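Since the structure comes first, as structure tokens, the remarks are kept for the end.
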Amino acid sequence: MSTLPHNLLGTAADTVSPRNILFIGGTGVISAAAAERAVALGHRLTILNRGRSAGRPVPEGAEVLHADVRDAAAVREVLQGREFDAVADFISFTPDQALAGMELFRGRTGQYVFISSASAYQKPPTTLPIRDSTPLKNPFWQYSRDKIACEELLFEAYREQDFPVTVVRPSHTYDRTKIAMVGGWTDIHRMRAGMPILVHGDGTSLWTLTHSRDFAKAFVGLLGRPQAIGESYTITSDEFLPWNQVYRLFARAAGVAEPELFHVSSETIAAHSPELGPNLLGDRSHSVVFDNSKIKALVPDYRATIPFADGAREIVEWHDAHPELQVVKEDFMELSDRLHDWSRR
């Protein structure tokens, strides 16, 4: 059994029996961290993807197979009749994609893990914290409605055909490459230039940000677990922050003592930016605090240990070391300036 690096370790007693796992994807924010942890724990990991992303390297020791999962014949050819203890699908977003995945892996895996989204939970929520039993309803965002439809299809297959599905609902999960502010690097640029920073609402709604390395602890812990079949799990940090504090943590990480924040309602931002509207109205504008007791009952060692204050520093340091990623979006610059002028009238 392999020994874990300290930053991947859940507890000193972290030992598992090796499992045969397939990741569909494997190089995204969530999947890359989960892949790293799975290999570190000694699992036999195979990653199936198109081989087009080099942003997050595949961990040494993982097997990589190249095929487009949307091409069923190509997938069957590269898998050559192999079976797995668990298959994790990171890249299905619509019911037709979920159906295709189900048909590809029916009879080939003991567990099919579908990565849904916590944005599927009732918006606006009528009670906090949000639990795994909170109704799924999001009238604002098509992305969330599609995830709900995928879940309904897969759970029906579980009830009617014993398809071994497990659903995981992450919320806002990040790594060093992802800036949580609406404007991305443009907001860091504006902070350092002393320009006003657009914040949706009044900045006091609560938000949960989860580092991908923390998420991976719980996620890999449920792979190959028969108790998880037919169940859904929220996986997030237990830390929640008001949006004003999120922006100030980024400013501090960027060397700005006190950013000039100004506030505009999400509805107004949506009216000025159809691109930003669905995500704001369907997710970020609502307070989200999550109850993680269900995943902790299955994976007792799970505890998110990376505070966002540390995560913000990691993000800014990464971007400072990679100037090619410091993209200033002129359309967001213009939107921020226009809404700032509007807010002062």
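Atom set for the values below is all heavy atoms of this structure, side chains included, hydrogens, waters and symmetry mates excluded. Since we're looking at a predicted model, the values are computed, not measured.
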Look only at the side chain of [X] and the backbone of [Y], and say whether a donor-acceptor pair between them is shorter than 3.5 Å.
X	Y	value
Lys294	Ser232	yes
Gln111	Leu222	yes
Asn20	Glu83	yes
Asp283	Ser119	no
Thr109	Tyr112	no
Ser237	Thr210	no

Atom [atom1] of [X] and atom [atom2] of [Y]: how far apart are they, to the nearest 0.5 Å?
X	Y	atom1	atom2	result
Met191	Phe250	CE	CZ	8.0 Å
Ser285	Ile269	OG	CD1	9.5 Å
His286	Ser266	NE2	OG	8.0 Å
Ile115	Phe90	CD1	CZ	4.5 Å
Glu36	Ser212	CD	OG	8.5 Å
Leu241	Arg248	CG	CZ	12.0 Å

What closest approach, in Å, do [X] and [Y] show between heavy atoms, and which atom pair accounts for it?
X	Y	value
Phe84	Ile21	CD2-C, 4.0 Å
Ala270	Leu281	CB-CD1, 3.9 Å
Ser116	Pro170	O-CD, 3.5 Å
Leu206	Pro242	CD2-N, 3.9 Å
Ile235	Ala218	CG2-CB, 3.7 Å
Thr173	Val29	O-CG1, 3.8 Å

Under a 3.5 Å threshold, yes or no: a donor from one side chain and an acceptor from the other, between [X] and [Y]?
X	Y	value
Lys217	Thr305	yes
Arg225	Thr166	no
His319	Trp185	no
Asn244	His263	yes
Asn292	Thr236	yes
Glu63	Thr46	yes
Thr234	Asp132	yes
His272	Arg338	yes

Query raised in the report: Under the side chain to side chain contact (heavy atoms under 4.5 Å, CB included) criterion, do Leu104 and Val87 qualify, and how do the steps go?
Result: CA-CA 11 Å; Leu104 266 176; Val87 171; over 6 Å; no

Take atom [atom1] in [X]; do more than 12 heavy atoms of anything else shown fall under 6.0 Å from it?
X	atom1	answer
Phe105	CZ	yes
Arg145	CZ	yes
Lys329	NZ	no
Glu60	CD	no
Glu77	CD	no
Gln161	CD	yes
Arg108	CZ	yes

Query raised in the report: So which of Asp301, Asp291, Asp238 actually passes side-chain hydrogen bond (donor to acceptor under 3.5 Å, both in side chains) with Lys296?
Result: Asp238

Parallel under 30°, tilted from 30 to 60°, perpendicular over 60°: which one fits the rings of [X] and [Y]?
X	Y	result
Phe308	Tyr174	perpendicular
His340	Phe262	perpendicular
Phe290	Tyr121	tilted
Phe219	Phe215	parallel

Would you say the side chain of [Y] lies within less than 4.5 Å of the side chain of [X], judging by non-hydrogen atoms?
X	Y	result
Arg70	Ile91	yes
Leu325	Thr177	no
Pro278	Tyr143	no

Report task. Identify the residue among Val39, Leu41, Leu45, Val299 that makes a side chain to side chain contact (heavy atoms under 4.5 Å, CB included) with Val220. Result -> Leu41

Requested in this report: Going by the side chain to side chain contact (heavy atoms under 4.5 Å, CB included) test, name the single residue among Asp331, Asp341, Leu198, Val264 that passes it with Ser336.
Outcome: Leu198

Are [X] and [Y] ion-paired here, with the side-chain N under 4.0 Å from a carboxylate O?
X	Y	value
Arg192	Asp320	yes
Arg190	Asp337	yes
Arg313	Asp310	yes

Query raised in the report: Does Phe140 share a hydrophobic cluster with Phe93, counting links as ILVMFWY side-chain heavy atoms below 4.5 Å and allowing steps through other members?
Result: no

Report task. With salt bridge (Lys or Arg N to Asp or Glu O under 4.0 Å) as the test, would you mind laying out the steps for Glu156 and Arg159 before giving the verdict? Result -> CA-CA 5 Å; Glu156 181 181 5; Arg159 292 188 297 268; 5.6 Å; no

Requested in this report: Compute the centroid of each ring, for His322 and then for Trp318, and state whether the two points are separated by less than 6.0 Å.
Outcome: yes

